[in-house]
Amino acid sequence: MLLPAAKRILLKLSGEVLMGEAGFGIDPAYVMRLAEEVKAARETGLEICLVIGGGNIFRGMAGAAQGMDRAQADYMGMLATVMNALAMQSALEQIGVDTRVQSAIQMDQVCEPVIRRRAERHLQKGRIVIFAAGVGAPYFTTDSGAALRAAEMRCDALLKGTSVDGVYDSDPKRNASATRYDTVSYDQVLADNLKVMDASAVALCRDNDIPLVVFSIREKGNVARVLAGEGVQTIVKKD
Ligand code: UDP
């Protein structure tokens, strides 16, 4: 196993992976395929917290760039993450996985508020807890939300499933000779401004010594592969 001591992980999925091959929104068939992967990871005995971004629907920065008030646009982005969380909950429950959604923006008719002790109990009962709405404040992202929940739920690792298969020394889409790190330190990520997660999320992982595993979620079966230590990924950790 990649992280032998891991009993509880936080899996962060970028919103954009929920849109599958489409350019926008939620592709239910693709969400189901992701849910199957989460289920397989759960069946290995891991306790799983999930955080899903909202970039497939709305990003605050994009709204602000078009003239919207930034904080207002960020709240819209947070609502997008709740929609994604509900889509994932629905897919997981269709395949028999018990889940609870906890949102940092209270929405009583739809899901629970974030209550750490309650989340703890859900995990003990084998439920997957999907944390929605990031940290619940504008000017943050779901990466920060993921790092915060990973710290507060004492997760052994934060796995970030995204469109690229790890952390590169330069942008692999623009530079054909970009090389991927197998491991890299938090400090190097921050000093070189490597594109992994926001600096605040990386710093929170560093300060709480939470290894960060970056991998591509686009390849089928990759969650299991990465957990088994057989995948392609970058691990961000202490020197
Ligand atoms: N957002 C926010 N505070 C948070 C989490 C999210 O304001 O704590 C907003 C922000 O506008 C962000 C959007 O929600 O752009 C969607 O989240 P994110 O961009 O992290 O999604 P991802 O890139 O992972 O799909």
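Start at 1 and go down the list; that is how both ligands and their atoms are numbered.
With a heavy-atom cut-off of 4.0 Å, A104 does not touch ligand 1 at all.
The shortest separation from a heavy atom of F58 to ligand 1 is under 4.0 Å, placing the residue in contact. Residue G145 places no heavy atom under 4.0 Å from ligand 1.
What sits closest to atom 2 (C) of ligand 1 on the protein, heavy atoms only, is F140 O, 3.0 Å. Distance from atom 5 (C) of ligand 1 to its nearest protein heavy atom, with residue and atom name: T141 C, 3.3 Å. Atom 21 (O) of ligand 1 has its closest protein heavy atom at G54 N, 2.9 Å. Looking from atom 3 (N) of ligand 1 to the surrounding protein, the closest heavy atom is A137 O, 2.7 Å. Given atom 20 (O) of ligand 1, the protein heavy atom at minimum distance is T142 OG1, 2.5 Å.
For atom 23 (O) of ligand 1, the nearest non-hydrogen atom from the set Q72, M76, R59 comes from R59. Of the candidates G77, S14, G60, it is G60 that places a heavy atom closest to atom 15 (O) of ligand 1. Which of T81, N84, D74, T162 comes nearest to atom 10 (C) of ligand 1 through a heavy atom is settled by distance: it is D74.
Heavy-atom contacts of V135 reach the following atoms of ligand 1: 4 (C), 8 (O) (cutoff under 4.0 Å). Proximity to G55 (heavy-atom distance under 4.0 Å) selects the following atoms of ligand 1: 21 (O), 22 (P), 25 (O). In summary, the atoms of ligand 1 found under 4.0 Å from a heavy atom of K12, numbered by their order in the structure, are 24 (O). Which parts of ligand 1 touch G53 is read off a 4.0 Å heavy-atom cut-off, strictly below it: atoms 21 (O), 22 (P), 24 (O), 25 (O). When each atom of ligand 1 is checked for a heavy atom of G136 under 4.0 Å away, the hits are 8 (O). The distance from ligand 1 to the heavy atoms of G15 drops below 4.0 Å at these ligand atoms: 22 (P), 24 (O), 25 (O). Ligand-side atoms of ligand 1 in range of G134: 4 (C), 5 (C), 8 (O), range being under 4.0 angstrom from any heavy atom. For ligand 1, the atoms sitting less than 4.0 Å from at least one non-hydrogen atom of P138 are 7 (O), numbered in the order shown with element in parentheses.
Counting side-chain heavy-atom gaps under 4.5 Å among Ile, Leu, Val, Met, Phe, Trp and Tyr, the cluster of Y186 also holds L10, V51, V114, L123, V129, F131, M153, L158, V167, Y181, V184, V189, L190, L194, V196, M197, V202, I210, L212, V214, V236.
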Show the numbers, then the answer: is there a side-chain contact (heavy atoms from CB on, under 4.5 Å) between I128 and V97? CA-CA 8 Å; I128 289 178; V97 182; 3.7 Å; yes

Can you check side-chain contact (heavy atoms from CB on, under 4.5 Å) on V226 and V213, steps first, answer last? CA-CA 9 Å; V226 165; V213 183; 3.8 Å; yes

Criterion side-chain contact (heavy atoms from CB on, under 4.5 Å) on K220 and R225, from CA distance to verdict: CA-CA 9 Å; K220 207 170 175 182; R225 237 173 273 130; 5.6 Å; no

Please walk me through it: do R42 and E37 pass salt bridge (charged side-chain N to carboxylate O under 4.0 Å, His left out)? CA-CA 9 Å; R42 172 74 201 92; E37 295 214 19; over 6 Å; no

Taking it one step at a time, do K125 and D98 satisfy salt bridge (charged side-chain N to carboxylate O under 4.0 Å, His left out)? CA-CA 9 Å; K125 288 184 177 170; D98 278 347; over 6 Å; no

Pair D165, R218 - check salt bridge (charged side-chain N to carboxylate O under 4.0 Å, His left out), show working. CA-CA 9 Å; D165 61 0; R218 292 212 177 262; over 6 Å; no

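Using modelled atom types, no side-chain atom of N175 and backbone atom of S170 make a donor-acceptor pair closer than 3.5 Å. For D69 (side chain) and Q72 (main-chain N/O), a donor-acceptor pair under 3.5 Å exists by modelled atom type. For the pair Q102 (side chain) and I115 (backbone), a donor-acceptor distance under 3.5 Å is present. Distance alone, capped at 3.5 Å, places no donor-acceptor pair between the K7 side chain and the D156 backbone. Counting only distance, with no hydrogens or angles, the side chain of N222 and the backbone of I217 share no donor-acceptor pair below 3.5 Å.
Inclusion of L13 in the set of residues having an N or O under 3.5 Å from an N or O of ligand 1 is not warranted. Not a single N or O atom of D143, backbone or side chain, sits closer than 3.5 Å to an N or O atom of ligand 1. The shortest N or O to N or O distance between M61 and ligand 1 is not below 3.5 Å.
A salt bridge does not link D171 with K195: none of the charged nitrogens is closer than 4.0 Å to a carboxylate oxygen.
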